[in-house]
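To start, the structure under review is shown below, and the notes come after it.
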Amino acid sequence: MKPSSTLIIATAITASFITANAQTQGQVYRRDTSIKVYDGGMHEKMMAWCGGFDSPQFAMGDLNKDGKNDMVIYERYKGIRTFLNMGVAGNPKYVYAPQYELNFPAIDGFMTLVDYNHDGIPDLVSGGGNFFIWKGFYNSANQLSFTFYKGLEYNNDSFSSGSNNAYVSPTDIPAVVDVDNDGDLDFIAFNSLGGNFVYWYKNVQVEDTLPSDSIRIKLRDQCWGKFYQTARLYHQLNWNCSNANLGLNAREMRKTHSGNAICLIDMDGDGDYDYLDGSVGYDNVAYLENGRIPYGVHDHDSMVYQDTTWLKTGKIITLPIWPALFNVNIDGDGKKDLMIAPNSAAENYKCTIYMKNTGTASVPVFTYQNDTFFTSQTIDVGTNAYPFFFDYNKDGKPDLFIGSRGYYTSGGTYKAQIAYYLNTSVPGAPSFTLQTSDFMGLSAHNYAGAAPAIGDIDNDGKADLVIGHYDGTMSYFTNIAGSDSVQPQWQLVQATLKDAAGHTVYTAGSATPFIYDLDKDGKPDLLSGSFSGYVYYYQNTATTPGNISLKYITNKVGNARADNDIYGPGTSTVFIGKIDNSNVDYMMLGSSSGMLYRYDGFQSGNTTVPYTRLDSNYSYIDTAYALLNRHGNYYGLQSAPAIADVDGDGKYEMVVGLTYGGLMLYKQDTNVYVSACSCTPVSSDAHVYPNPATNTLNIEWTASFGTDAVHISLISVTGQRVLEKTVSAQMLHAQLNTMGLNAGVYYCIIQSGSGRKAVPVTILR
């Protein structure tokens, strides 16, 4: 029988995959937080390497079963970060602990932790069109983990027939509280027709005498609180609404707005839930008082008073757009406080507002503390961090410079500057100490984006400074110091860098420069990442020391590209140099997917040949929370790598700049050599089923498969990575949702440290 073309292609893919793996290095780097980071006052930043914050959602739960509630922070499209509570009551102190993150499911929309089944273990509620419930448990390492319970549906004859999703907008933050005080948790969310009325999905677990480990809901009220939200922050109170006819015509519906963050708190200790409202399009918080119990209003929750400038007697809370409030006990004193953050990307530094409860647990009084409660504890330079290592003070240790797209300004623009951290490491104790957050006063230039690159671009033997901007242009600072053995003195020469022909050096957006002698002629050249995902190459053609002369060669050098797969092109960043003890220079591209791509084949100096991609996901580093929205746009974490031996121990450290505006740290964990292959095939310790599959693919492995995180990829016969997931090895099981894939043959690649298995899988339709 003649083999099918699909089988021939699949066989070729398998062969090429195995061949490519002969060049991979396996898991060389691991997440690390051991390098201490201090601010200018020598206070340690306990969250230094968490990546920064933009629009965080806050939840509390005991991650390590030590009896103390820890902090879990989720950002839409960016994923989960976990922090251990190392403080004492009244004195909060949270330490970044990324090892717990893999125990959380991939979620969308919103996230909160509650104990729905009263077993003392936090459960997880998430959303994105519906409420999804995950049951919490502690694994064998006493780490909080989750198993999926169900998505919430209701069947309520008084309002509808059949099974209906309990709707929550993918961009909203609903409330999960016991709103009727009957002992089980209810679900509160705005309706889907314009965000004008609040729906109450009542949990009838108690009424129906169901087991505590269950949830059953009914749509009990389509106008909870008896108010109507207009397109303004002001609400129409005492609204005459009924479940049968809400009384709105099309014209009135157009006056509403969609986008809400609900926070329900009993503010006055009267037994009913009042409402703190954050709405899209507004920068402040509205307060609505519930009159159900004190005023006996219809024996229903009914808002009877509102304050659209909440805390007007104290500090009015404002954010550029859409504040979201989270009622959590930050300081461990037994009283829930408030954390406030934007629910949309805007303010990217003053975005963790802490309101301490200075009242009681039953009658809270929220007192403003500061607006950088967590951002001040991490490295955070606004949006899109671009790190660069360079020994600035000439003490033999690489210092850390961090540029960014910029800090958000009140006018809605971004203003960039560069932070400088001095390498203050001593043997056995690596550290960085902030010297200035505005190196050389660069903020005065009002740059929109500042990605630094340092190297001798004018051929005078001294390291110069080139800064890339978000619009694709660059600025050039020459080094006027006496020699390269002393600290540089950089002086602006060209605010907009020109090439030898007088044309603007331009990358069509998001210039992220790097200086490296690519053609091996002894003169460092200028390269840059770009919006296109390719690498621009300007050759250094200068003949006179001290003069800069650049010649545009190509916008696709080596045809190296970031994210050239199912996700489409992604903005690239570039690093070239030694990345491990193999003593070989590699090209490393950061990407919009958050992954890192390692390229070979440029070392000879030939700039006209295609370079070879060695890894589709270098060292399994994936800083992104991959998500395609309904329009096909890709959301992730822009990754920007910088690599150096920070502490002089012979192994390398890698920092990766992220969209959040901060960095994640990785430490070289394994010695590697060019001929080494750390991918040992495994034949019996991992299984994939069912095969053929339709909508769900199950992956199981034994404890002997590996103790590292398990990385699962589904590769099409054309070589595209169509699905990917990373989970804790201790879970021993994972699922891939294959519902959206076309029928055909795919390869499921399962890897954990040295363990590896590739399984052909058929998807049916």
Side-chain angles (χ1 to χ4, degrees), residues 13 16-17 19-21 23-24 384 386 451 453 468 470 472 474 505-516 518-519 525-539 552-577 579 585-624 626 628 632-643 654 656-659 713 715-716 718-722 724:
I13 290 292
S16 63
F17 186 87
T19 302
N21 263 292
Q23 300 297 323
T24 65
N384 290 110
Y386 304 115
Y470 197 65
M474 304 183 200
V505 172
Y506 179 62
T507 67
S510 193
T512 54
F514 197 86
I515 299 170
Y516 181 84
L518 191 66
D519 59 3
D525 305 301
L526 179 64
L527 300 102
S528 179
S530 68
F531 274 152
S532 69
Y534 290 104
V535 178
Y536 280 67
Y537 168 42
Y538 283 82
Q539 183 184 31
Y552 171 76
I553 302 298
T554 179
N555 62 355
K556 298 180 180 179
V557 66
N559 210 37
R561 192 182 193 187
D563 294 336
N564 186 16
D565 54 21
I566 189 174
Y567 304 122
T571 302
S572 58
T573 60
V574 59
F575 170 89
I576 306 180
I579 64 174
D585 283 0
Y586 291 104
M587 176 185 289
M588 190 81 73
L589 297 188
S591 67
S592 292
S593 72
M595 299 182 189
L596 301 179
Y597 303 96
R598 183 174 59 118
Y599 278 87
D600 199 359
F602 63 90
Q603 295 90 340
S604 67
N606 189 339
T607 62
T608 63
V609 298
Y611 301 154
T612 302
R613 179 187 285 190
L614 299 179
D615 309 89
S616 61
N617 183 12
Y618 175 70
S619 198
Y620 314 134
I621 292 172
D622 180 3
T623 61
L628 283 165
N633 297 320
Y634 183 75
Y635 290 102
L637 296 183
Q638 176 66 52
S639 56
I643 304 170
M654 178 192 302
V656 181
L658 305 180
T659 301
S713 300
I715 310 295
S716 73
T718 58
Q720 293 178 325
R721 184 181 62 252
V722 296
E724 191 153 35

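Note that these values count all heavy atoms, side chains included, but never hydrogens, waters or copies made by symmetry.
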* Asked: Shortest non-hydrogen contact from Pro513 to Leu526?
  -> CB-CD1, 3.9 Å
* Inter-residue atom distance Thr554.OG1 - Leu527.CG, 0.5 Å rounding -> 10.5 Å
* Pairwise side-chain contact, Asp585 with Tyr516, heavy-atom cut-off 4.5 Å (strictly under) -> yes
* Nearest heavy-atom pair of Asp563 and Ser592: which atoms, and what distance? -> OD2-N, 3.1 Å
* Would you check, one step at a time, whether the test side chain to side chain donor-acceptor pair (under 3.5 Å) holds for Glu724 with Ser713? => CA-CA 4 Å; Glu724 191 153 35; Ser713 300; 3.0 Å; yes
* Distance in Å, Tyr611 OH paired with Gln603 CD, rounded so as to fall on 0.5 Å steps -> 9.0 Å
* To do: Could you tell me whether a side-chain N or O of Tyr597 sits under 3.5 Å from a main-chain N or O of Met587, the two making a donor and an acceptor?
  => no
* Asked: Is there a donor-acceptor pair closer than 3.5 Å between any side-chain N or O of Tyr599 and the backbone N or O of Arg561?
  -> yes
* Structure fact -> All heavy atoms of Met474 vs all of Gly468, minimum pair found to be CG-CA, 4.1 Å
* **Ala511 backbone acceptor or donor facing Ser530 side chain under 3.5 Å** => no
* **Heavy-atom pair of closest approach, residues Met588 and Pro641** => CG-CG, 4.0 Å
* Closest heavy-atom pair and its distance - Tyr534, Asn555 -> CB-O, 3.1 Å
* Asked: Under a 4.5 Å cut-off applied to non-hydrogen side-chain atoms, are Ile579 and Tyr618 in contact?
  -> yes
* CD/Gln638 to CG/Leu658 distance, rounded to the nearest 0.5 angstrom? -> 9.5 Å
* Looking only at non-hydrogen atoms, find the nearest pair between Thr512 and Tyr386 and report the distance. => CG2-CE2, 3.7 Å
* Asked: Is the ring centre of Tyr470 less than 6.0 Å from the ring centre of Phe531?
  -> yes
* To do: Look up atom OH in Tyr506 and atom OH in Tyr536, then write down how far apart they are to the nearest 0.5 Å.
  => 7.5 Å
* Without swapping roles, check the side chain of Thr607 against the backbone of Val557 for a donor-acceptor pair under 3.5 Å. => no
* Kindly say whether Ser639 contributes a backbone atom to a donor-acceptor pair with the side chain of Thr573 at under 3.5 angstrom? => yes
* Partners meeting side-chain contact (heavy atoms from CB on, under 4.5 Å) with Thr612 (sequence neighbours left out) -> Leu614
